[in-house]
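I have placed the structure first, in the form of structure tokens, so that the comments after it can refer back to it.
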Amino acid sequence: MIKINKVKWTSNAKEDLLNIVDYIKKDSLNAARKVYEQIKEKVQSSNFFPLRGRVVPELLKEGITIYRELIAQPYRIMYKIENDTVYIMAIFDSRQNVEELLLQKLLRGNMLTKQSSQ
């Protein structure tokens, strides 16, 4: 069993969450607040076992297995585990073309280089 002491959000994941909330709050501030809390709760839950998330299927096809994901419908929370820390890497709307979004993020280098703690 992996013991996790820390959960850290990359700047990329923070930006994803803020973009989601900004988009939703155009229609409803309450709905935006609810989505924000749902995602934050999923990530920070006291029963967070990082290996319970599945390997991201779009990356698994390419042999990349270090990224896992949790689902907070309709959002996919992508993370990786390093030592005793879970890094939240990105948040995607599952209704979007996730393969294209991942490629764009990887090409910009955001997922791999911009990490900051919450």
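Closest heavy-atom contact between Q73 and S94: OE1-OG, 4.1 Å. For the residue pair T85 and K8, the shortest heavy atom distance occurs at CG2-CG, 4.0 Å. The two residues M89 and N12 make their nearest non-hydrogen contact at O-ND2, 3.0 Å.
Residues that satisfy the side chain to side chain donor-acceptor pair (under 3.5 Å) test with D93, not counting sequence neighbours, are R95.
Clustering ILVMFWY residues whenever any of their side-chain heavy atoms sit less than 4.5 angstrom apart, transitively, puts I64 in the very cluster that holds V56. Taken together through direct or relayed side-chain contacts under 4.5 Å among Ile, Leu, Val, Met, Phe, Trp and Tyr, Y79 and V55 form parts of separate hydrophobic clusters. In the hydrophobic clustering of this structure, I71 does not group with V43; members are Ile, Leu, Val, Met, Phe, Trp, Tyr whose side-chain heavy atoms approach within less than 4.5 Å, directly or through other members.
Between the side chain of R68 and the backbone N or O of G53, at least one donor-acceptor pair lies under 3.5 Å.
Distance check, rounded to the nearest 0.5 Å: OH of Y36 to CG of L17 gives 6.0 Å. Expressed to the nearest 0.5 Å, how far CD of E15 lies from CG of D22 amounts to 10.5 Å. For the atom pair CD of Q44 and CD1 of I39, the computed distance is 12.5 Å after rounding to the nearest 0.5 Å. To the nearest 0.5 Å, atoms CD1 (I77) and CD (Q38) are separated by 8.0 Å. Between L18 atom CG and S11 atom OG the span is 11.0 Å, to the nearest 0.5 Å. Remark: E69 CD to L59 CG distance equals 8.5 Å, nearest 0.5 Å.
By the 4.0 Å N-to-carboxylate-O rule, E58 lies close enough to R76 to be salt-bridged with it.
Contact of the R54 side chain with the P57 side chain is registered, since non-hydrogen atoms from C-beta on lie closer than 4.5 Å. By the 4.5 Å heavy-atom criterion applied to side chains, I88 and T10 are not counted as neighbours.
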Assess whether side chain to side chain contact (heavy atoms under 4.5 Å, CB included) is satisfied between Y75 and V35, documenting all intermediate values.
-> CA-CA 9 Å; Y75 301 100; V35 167; 3.7 Å; yes
Apply the test side chain to side chain contact (heavy atoms under 4.5 Å, CB included) to residues Y67 and I81: give CA-CA distance (whole Å), side-chain angles for both, the deciding distance (0.1 Å), then the verdict.
-> CA-CA 8 Å; Y67 298 104; I81 306 161; over 6 Å; no
